[in-house]
Amino acid sequence: MKKVLLFFSVLAIVASSCQSNSYEDLALSQIAIVPQPQSIETTENGTMVISSGLTIVAVKEEELKIANYLKDYFAEINWTVKVKEDAPSSNFISIQQKSIGSDNIEAYVLSISQKGIQIEAANGKGLFYAVQSLIQMLPLDGEAVKLPVMKIKDEPRFAYRGMHLDVARHFFPVEFVKKYLDMMAFYKMNNFHWHLTEDQGWRIEIKKYPKLTEVGSVRKETMVEKNFNPYVGDGIPHGGFYTQEEVKEIVAYAMERQINVIPEIEMPGHSLAALAAYPELGCTPGPFEVGTIWGVNKNIYCPSEETFTFLENVLSEVVELFPGQYIHIGGDEAPKDRWKESAVAQAVIKREGLKDEFELQSYFIRRIEKFLISKGKKLIGWDEILEGGLAPEATVMSWRGEAGGIEAAEQGHDVIMTPNSVAYFDHYQAGPEGEPLAIGGFTTLQDVYDYEPIPEELSNENQKHVLGAQANVWTEYMKTTDYVEYMVFPRMLALSETVWSQPEVKDWARFQEKLNWQMQLLDARNVNYHKSN
Ligand code: ACM
């Protein structure tokens with residue numbers, strides 16, 4: 001029989017500081033869970049041993065779901081597990097759905113006694129997060145593990161903890177999206193913003209408009225590095241899209257991991273791939289080609305009745321696929337050149353008594369918001385949707401710094417902070433010498449860690465409109481899943497502490513130490529990451 005390991009190995013302790021051969025010597029503050037839990041306290045001295053053959057105690061439906069999730073996890077490390085209704089005298093994890101006296105619907109308590117592990121939460125979310133904390137303390141190698149007796153009480157600071165992924169500039173397969181979701185869940189991130197349409201590719205099957213994917217999902221080539229002028233293309237077609245069945249599969253996979261999926265269908269700009277498929281939606285006759293060059297394109301949807309019908313039909317299919325409340329409609333970087341020159345656009349301005357093309361964009365977004373509300377959904381847009389007047393119930397994603405977010409919150413709108421100064425994971429994290437080609441910028445791990453999502457300018461009353469923060473992963477220069485991972489990790493770990501942990505439990509020095517263990521967890525999950533932090 002294998003001996004219980006008494007040192008380093010298997011507990012989520014700070015690997016580098018673990019010279020001791022006994023857990024009891026280790027401070028509980030050295031437990032390396034990310035994001036940092038709200039409180040970790042020791043209630044009595046001692047340890048418990050958990051090993052293969054353990055019993056998971058679960059009775060209610062939510063408890064059984066978590067038990068099955070854990071069972072799958074243990075199967076990966078070759079542990080056998082029994083699921084039962086009653087706890088044995090040792091080596092068990094008891095999952096209990098019960099009130100734990102917190103108003104926060106994601107709160108949990110994880111208690112380790114000398115006999116076993118007890119997980120408690122009012123619902124499946126809290127139970128799931130307790131399990132994420134637990135599995136960050138479990139072995140990578142299938143050995144038994146000795147855990148210190150302790151009690152973790154935890155709940156998130158922000159309700160919205162987001163990660164975005166641009167699958168349009170480069171397409172990534174379903175399996176990678178699932179891995180991304182797994183890693184989000186591991187760090188308790190709960191909103192996946194899926195950027196599905198762009199100038200350079202339309203990535204979601206829409207049954208009423210098959211050319212969106214037949215034509216719009218493939219570009220003939222991609223510009224080489226930053227060869228804008230003179231333009232150099234690589235001559236290699238790039239394409240791909242998700243069928244509606246695949247979308248459903250991903251949404252279900254995310255839901256099992258307590259992640260809401262927010263689809264982004266860009267309008268009125270970043271729509272060249274759609275125009276290539278259906279040129280009649282533009283203000284000029286076309287023809288249009290799916291984009292091969294990065295940047296902002298002047299060809300955008302014309303605000304015609306034909307366009308609104310198209311977008312409503314597209315959104316009608318989209319809302320059926322995504323059960324969450326939010327639909328993201330983009331709204332960013334829509335040059336007004338074509339609208340200025342278009343008789344159709346100018347007629348709408350006149351008919352609606354609008355001042356200019358910015359008010360026309362506001363009219364466009366308001367119309368779409370009305371439609372989404374009629375479908376029981378809420379609209380999110382990038383902060384450009386403030387220009388010309390915000391749609392009445394819109395949520396704003398503040399990306400050009402925080403000013404848009406502050407303005408929207410002051411108008412009483414909900415806000416998600418995703419400022420390009422700290423939340424753009426397409427920016428360099430080191431170098432740039434020695435780093436792979438990136439879009440630019442410079443955002444270190446510590447920049448992300450130190451970010452405070454609530455701007456000082458906001459009154460106490462308006463602070464509540466900041467739902468949380470999100471990092472954006474634009475993939476112009478990320479051609480491979482390995483490269484995406486390299487740009488995301490470990491910055492996502494820093495973000496997870498920024499959005500989950502209260503400022504008083506954040507500690508940059510401790511976070512850096514925890515990375516020693518966390519990098520082993522990333523290695524075990526075959527996740528690529530930036531190593532020099
Ligand atoms: C954006 O980065 N254009 C939202």
Side-chain angles (χ1 to χ4, degrees), residues 160 162-170 191-203 223 226 228 262-274 291 293-301 326-337 358 361-362 364-365 368 379-388 390-391 394-408 413-429 438-443 447-448 451 453 466-478 484 487-488 491-492 495:
Y160 188 105
M163 284 298 297
H164 153 287
L165 182 64
D166 169 10
V167 295
R169 268 52 176 268
H170 283 98
N191 277 283
F192 174 49
H193 174 170
W194 203 5
H195 186 78
L196 285 163
T197 72
E198 254 307 334
D199 295 322
Q200 297 85 7
W202 182 283
R203 306 281 178 228
M223 68 179 284
K226 295 190 177 174
F228 287 95
I262 301 173
E264 182 177 358
I265 307 296
E266 275 264 21
M267 63 189 79
H270 288 287
S271 49
L272 189 56
I293 192 167
W294 314 129
V296 175
N297 198 286
K298 287 183 183 163
N299 293 305
I300 68 174
Y301 291 120
Y326 291 120
I327 304 290
H328 200 303
I329 55 73
D332 59 320
E333 299 178 321
K336 306 298 184 289
D337 308 58
F358 289 98
Q361 168 148 336
S362 170
F364 194 117
I365 304 294
I368 295 295
L379 178 147
I380 298 188
W382 300 110
D383 58 52
E384 285 92 332
I385 66 170
L386 279 150
E387 295 162 6
L390 206 44
T395 297
V396 171
M397 249 181 207
S398 192
W399 75 278
R400 297 176 299 177
E402 293 186 322
I406 292 167
E407 189 183 336
H413 288 253
D414 285 344
V415 167
I416 294 150
M417 286 298 185
T418 179
N420 53 5
S421 51
V422 292
Y424 269 45
F425 288 1
D426 55 342
H427 288 184
Y428 285 103
Q429 57 200 310
I439 201 158
F442 191 69
T443 296
D447 292 335
V448 181
Y451 179 54
V466 179
L467 304 182
Q470 170 177 295
N472 297 332
V473 183
W474 303 103
T475 59
E476 285 94 331
Y477 298 97
M478 300 180 209
V484 173
M487 298 302 274
V488 168
R491 288 189 286 193
M492 189 173 87
L495 180 68

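Atoms within a ligand are numbered from 1 in the order they appear, just like the ligands themselves.
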J.: Ignoring hydrogens and geometry, is there a side-chain-to-backbone donor-acceptor pair from E266 to T197 under 3.5 Å?
T.: no
J.: Please say whether more than 12 non-hydrogen atoms of neighbouring residues, nucleotides or ligands are located less than 6.0 Å from OH in Y428.
T.: yes
J.: Are the side chains of E476 and Q200 in contact, using a 4.5 Å heavy-atom criterion?
T.: no
J.: Quick one, W382 and T418 - any side-chain contact, counting heavy atoms below 4.5 Å?
T.: yes
J.: Looking at residues at least two apart in the chain, or sitting in another chain, which of them share a side-chain hydrogen bond (donor to acceptor under 3.5 Å, both in side chains) with W474?
T.: none
J.: Please list, by chain and number, the protein residues whose heavy atoms come under 4.0 Å of ligand 1.
T.: D332, E333, W382, W399, Y424, W474
J.: Can you find a heavy atom in the side chain of V167 that is under 4.5 Å from one in the side chain of L196?
T.: yes
